[in-house]
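Worth saying up front: this structure is predicted, and the values here are computed from it rather than measured.
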Amino acid sequence: MGSFSIWHWLIVLLIVVMIFGTKKLKNIGSDLGGAVKGFKDGMKDGTAEADKPAGQVADASAAKETIDVQAKEKS
């Protein structure tokens, strides 16, 4: 009674397909796959940024926008 047989799972799958339809289930699957891929890419980007030394600037445009606080205080 505690576990379900293969027939129970087939009936549940049939009911889900009848309710949502195959097209909607396909869209849900592709959306879920895209979300997982985006998460993995984000994790790779996060570890790449964490590996850089703290003193380095990622790109030149960010270096132009930085303000020297000590120089402003002296003025």
Heavy atoms, side chains only, cut-off 4.5 Å: are Trp7 and Leu10 in contact?
-> yes
Donor-acceptor pairs under 3.5 angstrom involving side-chain atoms of residues 13-25: please list them, not counting sequence neighbours.
none

dist Lys37:NZ -> Lys40:NZ (nearest 0.5 Å) comes out at 10.0 Å
With sequence neighbours excluded, what pairs up with Trp9 under the ring pair (Phe, Tyr, Trp, His ring centres under 6.0 Å) test?
-> Phe4
Residues clustered with Leu32, ILVMFWY side-chain links under 4.5 angstrom | none
